[in-house]
Amino acid sequence: MSVYEKIGGEAAVDAAVDIFYRKVLMDERISEFFDTVDMDAQHAKQKAFLTMAFGGPNKYTGKDMREAHKHMKLTEDHFNAVAENLVATLNELSVPQEYIDEIVGIAVSVKDDVLNK
Amino acid sequence: MSIVSFEGKNVALDHGESVLDGLIRHGYKIPVGCRSGLCHSCVMAMDEGEVQAVAQKGLTEAERSLNYFLSCQCKPFSPVQVRRVNMAGKQVSGTVVDKCWLSDTVIRLRFKAPLDYVPGQYVTLWKDEIVARSYSLASHPRFSDYLEVHIKHIPGGKFSPWVAEELAVGDTLGVQGPYGQCIYTAASAEQPVFLAAMGTGLAPIYGILNDAIVNRHRGPISLVVGASNPENFYLVEELNRLVEKNDQLDLHLVARESDRERFIVGDVYKYCRDRFFDLSGCRVFLCGAESFVRKMRKQCYLSGARMSDISADAFLPFGGK
C-alpha cells in the first residue's frame, strides 16, 4: 500500500494542497516561482506534485520534471525550501513521522531532475 | 496556420488567430462580445475538424454534442469547416422598464424577461445582431419581477453609450443566458461570509448578499466595497438599510480619496489585509475588474480562505479590435 492510500488518497491531497500552496506562496525564498496570474492552474500543478510525492497515481516522468524546471535556474536552497514547506504541511495535518519520511524520500528522488543535474 | 472553411469560402488564419478574429478580418459580420469565452455571443458549429475542449468550456452538454463551440476561443491546428448557428433561439426578448443613473458613471437598467436565474449570474445583452455585452444581475427574483444590471458608462464604447443615449423604457433587447457560477452557496448557514466588490462588481455582490439573506444565512457577513473616490459609491442607502435590518451584516465602504466622514479612507487591499487577516473557514465572494479580483483572490487565499471557498466574477474589458 502506498502512503497515498494510507493517508486517505485524493481527500488527503485536497487537504494538503491548500496548506502547501499557501506556504510556498508566502515563502520569500521561492514564492516567485509559484506566483502566477492563473492560480487555478498553479493550484492544480501543486496537487499533481503532492499526489506524486505521496506515491499516488500520477503521470510524472523524470523527463517531465527536467523539462518543467529547466529554465528556472533552481538551486539546492530552493529545493530545500520546498521540502521544508512540504514537511511543515504534513506536520500541520498530523501525518505520522514514518509517512513523512517516506514522502520526503519520494520528493528527494526527483531532486536531480528538478535541479537539472 | 490553419484554414477555416465558411459559407463556401476558405479563410486562412494567422498564427495564433481565433476563428472569430479570422472571419471578422476577412470581412464577415460575426456576432461578438467579450472575446473571452464568457458571453456566448460568438457561438458557431463545427461540421468538420476537431473541437478543442477549451473552445467548449461553459457550453451545455447539448450544445457540446451538437459540436457548438466558442469561435473566439477556437484556434485550430488543422483545417476546420464551421457554420453560423442561430443564437436568436437562445435569446429571449427583454423589455426595458426603467433606466436611471446611479452615479456619474453607472447606469441602472431594469428590464422584464422570461428567464430564470440565480443572483450573481450574468446575462448577455444584444444591442443588435452583432454587438453583445455581458452584465451581472443585481436583482433577486424573490423581490422583483424585473432583471437589473449596472452598466458602467464608457464614452466611445459600442454598447454603454447606446444604453445611455438611445435605449428607452418600452424598448426591447435580446437577452441571453444566464451564465456563471458565482452564486451564494455555503457549507452551512453559520459559515462566515466575506464579500468584496469594486466598481460595478457591486451588482452581482448585491445579488449574492440578498440571496444569502433570503436563504437565512446566520453567520457573520462582511461586505467590503472599494472605490477610488466616494463619488463612485452607489446603492449606499440600500446597503445601509440592509445593515439596519440584518444584525449579522457589517458594511465597509473604503475609498482611496475621501473627505467624508461616512467612508473609510484608504487602500482597499491594505484595509482587507489588516481588518480581515484571518479568513480561514470563510466563504469568499469577489467581483469587479479582473485586476481587483486577481489581487484579492490571492490575498484572501493567503489570509487562510480555502481555494474552493473563493468564488469570483472578474469583469473583462471588451477585447475589441
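Letters A, B, ... are given to chains in the order of the sequence lines, protein chains preceding strands, and every chain is numbered from 1.
- Of the listed residues A:Lys23, A:Met26, A:Met39, the one with more heavy-atom pairs under 4.5 angstrom with chain B than any other is A:Met39.
- When heavy atoms are compared at a cutoff of 4.5 Å, A:Asp40 approaches chain B by way of both its backbone and its side chain.
- Between B:Tyr301 and A:Tyr21, the angle of the ring planes lies from 30° to 60°, which puts this pair in the tilted group.
- Although no hydrogens or angles enter the test, the distance criterion places a donor-acceptor pair under 3.5 Å between the side chain of A:Arg22 and the main chain of B:Ala305.
- Of residues 6-18 of chain A, those residues with a non-hydrogen atom less than 4.5 Å from any non-hydrogen atom of chain B are, in numerical order, A:Asp14, A:Val17, A:Asp18.
- Legend: residues meeting side-chain contact (heavy atoms from CB on, under 4.5 Å) with A:Ala107, ordered by chain and number and at least two apart, are A:Leu86.
- Every residue two or more places apart in sequence or in another chain that forms a ring pair (Phe, Tyr, Trp, His ring centres under 6.0 Å) with A:Phe20 is listed here: A:Phe49.
- Surrounding NZ of A:Lys111 are more than 12 heavy atoms belonging to other residues, nucleotides or ligands, all under 6.0 Å away.
- The side-chain contact (heavy atoms from CB on, under 4.5 Å) search around B:Ser308 returns B:Arg306, not counting sequence neighbours.
- Separation of atoms CD (A:Gln46) and CE (B:Met307) is listed at 10.0 Å; rounding is to 0.5 Å.
- Other residues, nucleotides and ligands contribute only 12 or fewer heavy atoms inside 6.0 Å of the CD atom of B:Glu61.
- Environment of CD in B:Gln181: sparse, with no more than 12 heavy atoms of neighbouring residues, nucleotides or ligands closer than 6.0 Å.
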